[in-house]
Amino acid sequence: MKPLGAQLSFEMRGVFWLPETTGQRVSGTLHFSPNDGVELRLIGKFGEFLDVLTVVHGVVEDAECTLFACTAGRLKSSALFLSEFRADVAIIGAHVRSVDEAAFFNARVRFDCLDDWVGFAAFPIPNSDSLVGNRPSRFDICEQAKVQASIDALGCTISLVGDLHGTSSRRHINWEHHSFFDIAYSKPLSMRDLCRTLFELRHLTS
């Protein structure tokens with residue numbers, strides 16, 4: 001399975017089912033994008049159609065997944081019955097029955113405007129000699145040294161890091177750089193507790 005990162009879009013095929021009816025599995029795709037969130041698109045339906053699904057289990061690219069609070073979206077009925085749901089939370093890597101059952105030791109979070117606030121330079125231009133016609137003729141791609149601090153009130157150690165990813169060729173460059181907080185907790189946290197600490201961290205950084 002390809003690595004997933006914060007705010008990276010993906011689309012993965014798999015099979016999905018309700019925990020109470022494990023024998024009735026439906027093929028579909030799991031989508032995520034920063035703008036649209038988590039979407040589940042099914043070829044078929046789970047028995048009687050429901051507007052809200054509390055928990056959905058599945059397997060995508062040989063990885064277990066759990067979706068919470070799936071709300072029905074578009075329906076298409078032709079040769080195939082197609083249904084679409086929008087999920088509030090997706091966990092890739094495990095089957096759990098509630099948000100309180102999942103436990104986390106680590107998290108990576110990205111906030112709006114964090115890139116501008118921290119000012120990590122991903123593509124520094126060394127000097128004016130690299131400018132040709134007011135355009136840079138060379139980019140130096142670098143990684144910034146992480147900044148780390150322990151916050152006892154939240155029970156965690158936080159590292160500010162920059163992450164680079166993309167592709168390049170002789171005619172095309174497609175690179176992105178984003179800043180993240182990598183968080184290591186001193187004890188495992190439930191999903192609810194994790195969201196609380198991230199809420200407190202957002203206010204601390206603002």
Side-chain angles (χ1 to χ4, degrees), residues 1-10 12 30-38 54-58 60-70 86-126 139-168 174-206:
M1 178 176 154
K2 62 184 178 182
L4 304 178
Q7 302 300 312
L8 296 181
S9 301
F10 64 80
M12 296 184 290
L30 182 63
H31 301 252
F32 170 77
S33 70
N35 293 329
D36 298 328
V38 180
T54 305
V55 182
V56 175
H57 286 170
V60 290
E61 298 186 7
D62 297 325
E64 296 178 341
C65 70
T66 304
L67 309 177
F68 293 104
C70 298
R86 186 180 298 274
D88 283 352
V89 177
I91 296 176
I92 309 295
H95 287 156
V96 295
R97 290 183 173 269
S98 72
V99 292
D100 294 320
E101 184 180 336
F104 299 87
F105 282 94
N106 300 279
R108 167 168 282 198
V109 59
R110 175 184 167 202
F111 295 127
D112 289 341
C113 302
L114 181 61
D115 293 338
D116 297 330
W117 177 61
V118 300
F120 272 25
F123 307 104
I125 300 173
F139 289 101
D140 288 338
I141 300 174
C142 68
E143 290 188 27
Q144 299 288 335
K146 69 179 181 181
V147 180
Q148 185 170 299
S150 296
I151 301 181
D152 295 335
L154 298 181
C156 62
T157 299
I158 299 177
S159 300
L160 176 62
V161 298
D163 189 21
L164 291 154
H165 61 89
T167 59
S168 62
N174 182 20
W175 279 89
E176 291 185 2
H177 174 271
H178 298 292
S179 300
F180 300 92
F181 287 118
D182 276 339
I183 309 173
Y185 297 99
S186 57
K187 61 181 181 179
L189 296 183
S190 69
M191 177 73 74
R192 298 181 192 278
D193 291 335
L194 176 64
C195 291
R196 291 192 191 100
T197 61
L198 297 183
F199 181 80
E200 294 295 335
L201 178 60
R202 184 179 66 178
H203 280 276
L204 180 65
T205 56
S206 63

(request) Please test Phe104 against Met191 for side-chain contact (heavy atoms from CB on, under 4.5 Å), starting from the C-alpha separation and ending with a verdict. (result) CA-CA 8 Å; Phe104 299 87; Met191 177 73 74; 3.9 Å; yes
(request) Would you mind reporting whether Val89 and Leu67 have side-chain heavy atoms less than 4.5 Å apart? (result) no
(request) Taking all heavy atoms of His95 and all of Glu101, pick out the closest pair and write down the distance. (result) O-OE2, 4.4 Å
(request) Supply the atom-to-atom distance Asp182 CG to Lys146 NZ, rounded to the nearest 0.5 angstrom. (result) 7.5 Å
(request) Without swapping roles, check the side chain of His57 against the backbone of Ala94 for a donor-acceptor pair under 3.5 Å. (result) no
(request) Locate the shortest heavy-atom distance separating Ala103 from Pro188; write the atom from each residue and the value. (result) CB-CB, 4.0 Å
(request) Report the distance from atom CZ of Arg202 to atom CD of Glu200, rounding to the nearest 0.5 Å. (result) 10.0 Å
(request) Evaluate the side-chain contact (heavy atoms from CB on, under 4.5 Å) criterion for residues Tyr185 and Phe105: first the C-alpha distance (whole Å), next the side-chain angles of each, then the deciding distance (0.1 Å), finally the verdict. (result) CA-CA 5 Å; Tyr185 297 99; Phe105 282 94; 5.6 Å; no
(request) Check whether any side-chain heavy atom of Ile183 sits under 4.5 Å from a side-chain heavy atom of Val109, and report yes or no. (result) yes
(request) Show the numbers, then the answer: is there a side-chain contact (heavy atoms from CB on, under 4.5 Å) between Thr66 and Val56? (result) CA-CA 6 Å; Thr66 304; Val56 175; over 6 Å; no
Show me the side-chain donor-acceptor pairs of residues 153-162 shorter than 3.5 Å, one per line, residues at least two apart or across chains.
| unit_1 | atom_1 | unit_2 | atom_2 | d |
| --- | --- | --- | --- | --- |
| Thr157 | OG1 | Ser150 | OG | 3.4 |
| Ser159 | OG | Gln148 | OE1 | 3.1 |

(request) Give a yes or no on whether the backbone of Ala69 and the side-chain of Arg86 come within a donor-acceptor separation of less than 3.5 Å. (result) no
(message) I need the Phe181 CZ to Arg110 CZ distance, nearest 0.5 Å.
(response) 12.5 Å
(request) For Asp193, enumerate each residue passing the side-chain contact (heavy atoms from CB on, under 4.5 Å) test, keeping only those at least two apart in sequence or located in another chain. (result) Leu189, Ser190, Arg196
(request) Show your working on side-chain contact (heavy atoms from CB on, under 4.5 Å) between Asp88 and Phe68 and close with a plain yes or no. (result) CA-CA 6 Å; Asp88 283 352; Phe68 293 104; 5.6 Å; no
